[in-house]
Structures are given as C-alpha cells and as structure tokens.
Amino acid sequence: MAGSLRAGIVGLPNAGKSTLFNALTAAGVPAEAYPFTTIDPNVGVVEVPDERLDRLFEILAPPRKVPAVVEFVDIAGLVAGAHKGEGLGNRFLAHIREVDALLHVVRCFEDVNVAHPSASIDPLRDVETIETELLLADLETVEKRLGRVERLARSGDRAAEREVEFLVRLKDRLGAGQPAAGVDCDELGAEVLRSLFLLTAKPALLVANVDEASLAGDCPGVAALVDSFGADRVLALCCKLEAELLSLEPGEREEYMTAVGLEAPGIRRLIRAAYQLLGLISFFTFNEKEVRAWTVPRGALAPQAAGVVHSDFERGFIRAETIGYADFTEAGSLKAAREHGLIRSEGREYVVEDGDILLFRTQT
Ligand SMILES: Nc1nc2c(ncn2[C@@H]2O[C@H](COP(=O)(O)OP(=O)(O)OP(=O)(O)O)[C@@H](O)[C@H]2O)c(=O)[nH]1
Ligand SMILES: [Mg+2]
C-alpha cells in the first residue's frame, strides 16, 4: 500500500509473535502453545490511531475520515540455523525482506506451559540468536551478489568494479557481526543496498513480551534489553493481555487497563514507538468527501508529500496551502483560519511538519 508502513514480526518460536499479531489486527490467527504454529505469513492492516484526525473530523465534518494504516506481517519463528533452512528456514526470511521495519518479539515472560527452544528465559541471548540469523542470511545474499558482480568486473565493467569494492566492504562488516544499517556508502552503494533488501538494514524495535505482573513493576529482562539497546528501541508489552483486552467491551477494557496500570492499549504505544524509531510523521488532507491522514518520513518536502497522495501530484506540484494542526484547531474552523491569515502558501522547498494540514495546488 503506497505510503503506508509495513512491519514484519520476527522472533524465536513461542516468543508470542502471533499473539501480538492477533492483538494488533484482531484477525484471530491461531496462537497455540507449540512451536511453528504459523506456517504461512499473515498480513494484517491496522488503522493508526490518531486523536488529531478525530479532532479534524469533528471540525471539518466531512462524510468520512480515513486514518493512515500500518501493515503487519506475522511470520513463523526463526531458530538458530534458519538461514541454512533449519526450522522452517529461509522461506520465512524471504517473507520479511520487503518490510520497512522489524518488530522483534523477545520472550521475557515465564510460563512453564509454554516451551522455550532453549528451555530458559534469557532475552539478551535470544536477541543475539535472531540477530545472528538475520546477519547470516544477509551475508549469504551479499556473497551471492558478489559472485555475480565479480564476473562482470573481470570483464572490465567499471561500475561492476566499484560495486565489488562496496560488496566486499559490506561482506566484511556483516562477517564481523555488524548490521548492514550504518555502512558507509556513496550513491552507488546506497543503490546496491536498496536493491538487496537486507534484513539487518531495517530498523528494528524490540518488543519485550513480559508477564502481566511485570507491566507495572520492574522486569530484569527488560532492564537488560534497555541497557544494551537503549530505551527508545525497547517497548515492553504483555502480548497475551493485549490480546485479551480485545475480547472486552470498551468500558470493561478501560477498567482493566487502569487495574493493571496501562495508560493506553499496546497498539497505540507500539505505533507511536515505530513512528519515532522510523522517523515518520503524519500530515492531513481534506476535501468535501473526507479528511485523511498520511505518513511520510520526517524531512519530506511538500512535493514528496503530494506524491504520497497521488503520484501525479508530485510531478504537477505547484504549491501547498498549509496550516499547522495547532493553528487550525485554535482557529476552530476553516473560515476563521482564513480570516486570520493562518493559511500559508508553501512551495517546492517546504519541509512538511508533523500534523500539517495540506491542500495541494497541482497542474493536471
Ligand atoms: N504467559 C504468557 N504466555 C504468553 C504470552 N504471550 C504469548 N504467550 C503464549 O505463548 C504461546 C506461544 O505464543 P504464539 O503467539 O503462538 O508464539 P509465536 O511466536 O507466534 O510462535 P511460533 O509461531 O510457533 O513461532 C501461546 O500459548 C501464547 O498464549 C504472555 O505474555 N504471557
Ligand atoms: Mg506464530
């Protein structure tokens, strides 16, 4: 889906991936207490909760509101050796090549009824197992490409020579246990990197799947993850509780959340954390039919935002009538905003701000 975020859920068998997926999408995918429940990837499309869109809908009152969406892909558990086809193997790594980000579910909960592939709870070890698999899968991808490009380079192809240089550097980096993300690259390198769809080039959010009881208090597993990876890369959730919340009526849900010390359902926190990690922002458009939220990378210019709405809009971009969310809601209506001169006319170089309301003027 153009302009929407795709996130792939990875982790060891029984870490709670399908449970999280169910909670996110309410899709009712089977989550069973044995490994490899999931054989085919499941894709769920989820609306991005955004109070600003709700407020704009109230003020502008068009017939419908259309939230931005995130696609989640649930895949089977990876085990050590997955890159070589162990477990359900390579096939599953292929399913996550085309996502924008990874949600890496890490088991922190204790439950004797749920088997752990290593028979003990050790979040850091588990993260390392998965990261190693992703690294090895990438290494294989790079080596395969290198073999092909080396042949071209030997026949005197200059571009191929430069690509070989980059691929060798990338291979050494992966071989040393460093992710592809952060590799130094020029324009050609960046192009090669994009075309390889490497798993370790994707930003990853660690979802610490904790016990219900650990939600309010401290969990040593979560503390260890935060220590190693930083607080903004770790989100503690109780996937099982999130799934259970869905079965409750809205009123009961609020009550239950208060009782366990949750301020917002996990999906809100998760999407917020993912937007933060990925540097994504939202902007809004409206017409007589709808008010709608869209997603762009932070730093996007107005024509790029126009292109998310309609690919022709990017080419034909002339100007964007622009008003910030705070200015608009303060004015309280479109008419008042116009009267107070709050609507600016922005050109091609305008950097879109989170919450902007944009009306594109285009050549058609
Ligand atoms: N106690 C407890 N059990 C959980 C939690 N999250 C998941 N489980 C249980 O763990 C088992 C495995 O969960 P799944 O969501 O199927 O795990 P998965 O990662 O999708 O597993 P595979 O698809 O086999 O790789 C199920 O019995 C879940 O009910 C949790 O937060 N607490
Ligand atoms: Mg599963």
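Counting starts at 1 for both ligands and their atoms, in listed order.
L199 is listed as a side-chain neighbour of R97, based on a closest heavy-atom distance under 4.5 Å. Proximity of D138 to L170: side-chain heavy atoms (C-beta onward) are nowhere separated by under 4.5 Å. The shortest side-chain heavy-atom distance between V308 and T295 does not fall under the 4.5 Å cut-off. Residues E150 and L167 have side chains not in contact (no heavy-atom distance under 4.5 Å, counting atoms from C-beta outward).
When heavy-atom distances to ligand 1 are checked against a 4.0 Å cut-off, N14 comes that close through both its backbone and its side chain. Neither the backbone nor the side chain of N113 comes within contact range of ligand 1; no heavy atom lies under 4.0 Å.
By the 4.0 Å heavy-atom criterion, V210 is counted among the residues contacting ligand 1. Heavy-atom separations between C238 and ligand 1 include at least one value shorter than 4.0 Å. Note on ligand 1: L20 sits outside its first shell, no heavy atom being nearer than 4.0 Å.
A salt bridge links K335 with E339: the distance from a Lys NZ or Arg NE/NH1/NH2 to an Asp or Glu carboxylate oxygen falls below 4.0 Å. Between R52 and D354 there is a salt bridge, with a side-chain nitrogen of the basic residue lying less than 4.0 Å from a carboxylate oxygen of the acidic one.
One hydrophobic cluster, built from ILVMFWY side chains closer than 4.5 Å, holds both V207 and L278.
Looking at K17, E242, E244, it is K17 that brings a heavy atom closest to atom 18 (P) of ligand 1. Heavy-atom proximity to atom 10 (O) of ligand 1, evaluated over V114, V10, L241, is greatest for V114.
Below 3.5 Å of separation, one finds no N or O of D211 facing any N or O of ligand 1. Taking distance alone, with nitrogen or oxygen atoms compared against 3.5 Å, N209 approaches ligand 1 more closely than that limit. By the 3.5 Å distance cut-off applied to N or O atoms, T19 is counted among the residues near ligand 1.
Of all atoms in ligand 1, listed by their number and element, those nearer than 4.0 Å to a heavy atom of L12 are 19 (O). Close contacts of ligand 1 with D111, meaning ligand atoms under 4.0 Å from a residue heavy atom, involve 1 (N), 2 (C), 3 (N).
Distance check for S18 against the Mg ion (ligand 2): an N/O/S atom falls below 2.8 Å.
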- Stepwise side-chain contact (heavy atoms from CB on, under 4.5 Å) check, H310 with F360: CA-CA 10 Å; H310 197 301; F360 298 110; over 6 Å; no

Can you give me every donor-acceptor pair (side chain of residues 316-327, partner residue at least two apart or in another chain, under 3.5 Å) with its distance?
unit_1	atom_1	unit_2	atom_2	d
R319	NE	S345	OG	2.4
R319	NH2	S345	O	3.1
T322	OG1	A320	O	3.0

